[in-house]
Number of protein chains: 2
Amino acid sequence: MKKVTENSIHKNDSKQLARFAKALGHPTRIAILKHLESQSCCFTGDLVEIFPLAQSTISQHLKELKNAGLIQGEVNPPKIKYCINKENWKTAKGMFQGFFG
Amino acid sequence: MKKVTENSIHKNDSKQLARFAKALGHPTRIAILKHLESQSCCFTGDLVEIFPLAQSTISQHLKELKNAGLIQGEVNPPKIKYCINKENWKTAKGMFQGFFG
DNA sequence: ATTTCCAATCGTAAATGTACGATTGGAAAA
DNA sequence: TTTTCCAATCGTACATTTACGATTGGAAAT
């Protein structure tokens, strides 16, 4: 990035939709979300067993999904239980629906 | 990327959906697609006027959308007319719908 | 107090993405 | 043929992403 800040040239809608899309833009994250949809919830460790990826890598993907608002985690010591964030999920669904017409 | 190739560990569905999502993962590309949806078609130059971005940058975004299959361009010398690729658009729409349930 | 356990974070390396200006390519117009 | 025009591509710089192993953090168990 050099000259243009990319900050104010786009509408908020486009920015939010792009943010959601970006979070969905990796097959591992899609698979994590599919798993959460089917299981309703799961622990990080479950995912580490499912995917042949390092624990730190899974954690990073979860962090991105969390930052995008698509999932949420609640502590359940010593584990952490992750679920779909239903409210934002609905928002994302609506935005994609609206986008695709 | 170091150890895992990320090639065969995901289902094709997840990979394709992620590919579409990735293409949508930038506000400029969202905006381009919105514009194509509303106009049905447009030339590269139109977009260069709309967005405060270099011509080469717009071209790059168009290339990514084309590679993802979301748009197609037909030559109309000396211009190139870009349109939504309706077939793939429908596919993407269906995949997102299925994903969000 | 120490150990155990799970997950987050750190540090790092390599690949990819995003932007720019400059150059190239190819068709139409002069 | 030369010029003009539009868009693609090249070369480059810097940011971000993705992966790993190692370390840290915090709560529960010993």
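Heavy-atom basis, side chains included; hydrogens, waters and symmetry copies ignored. All chains are named by letter (A, B, ...) in the order of the sequence lines, taking the proteins before the strands, and each is independently numbered beginning at 1.
A:N67 is linked by a side-chain contact (heavy atoms from CB on, under 4.5 Å) to A:K63, counting only residues two or more places apart in sequence or in another chain. Take A:F99 and apply the ring pair (Phe, Tyr, Trp, His ring centres under 6.0 Å) test, not counting sequence neighbours, and it matches B:W89. With sequence neighbours excluded, the residues that form a side-chain contact (heavy atoms from CB on, under 4.5 Å) with A:L62 are A:I32, A:T44, A:L47, A:I58, A:I71, A:Y82. Among residues two or more places apart in sequence or in another chain, the ring pair (Phe, Tyr, Trp, His ring centres under 6.0 Å) test is passed with A:F51 by B:H10.
The shortest distance between the side-chain N/O atoms of B:H61 and the OP1/OP2 oxygens of C:dG17 is not below 4.0 Å.
Here the P atom of nucleotide D:dT17 and the CG atom of A:L24 are 14 Å apart, to the nearest Å. Computed from coordinates, the A:I9 CD1 to C:dA19 C1' distance equals 11 Å when rounded to whole Å. For B:F51 and C:dA19, the CZ to C1' distance is 15 Å, given to the nearest whole Å. Summarising the geometry, the separation between CZ on B:R19 and P on C:dG17 is reported as 12 Å, rounded to the nearest angstrom. Spacing between atom CG of B:L65 and atom P of C:dT18 amounts to 10 Å, rounded to whole angstrom units.
Using a 4.5 Å heavy-atom cutoff, the side chains of A:Q16 and A:T91 are not in contact.
Residue A:K22 is in sugar-phosphate contact alone, with no base atom involved, counting any heavy-atom pair closer than 4.0 Å across all strands shown.
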If a protein heavy atom is under 4.0 Å from the base, mark B; if only from the sugar-phosphate, S; if neither, -; do that for nucleotides 2-9 of chain D going 5' to 3'.
----SBBB

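The salt bridge (Lys or Arg N to Asp or Glu O under 4.0 Å) pairs that include a residue from residues 74-101 of chain A are A:E74-A:K81, where partners are two or more places apart or lie in different chains.
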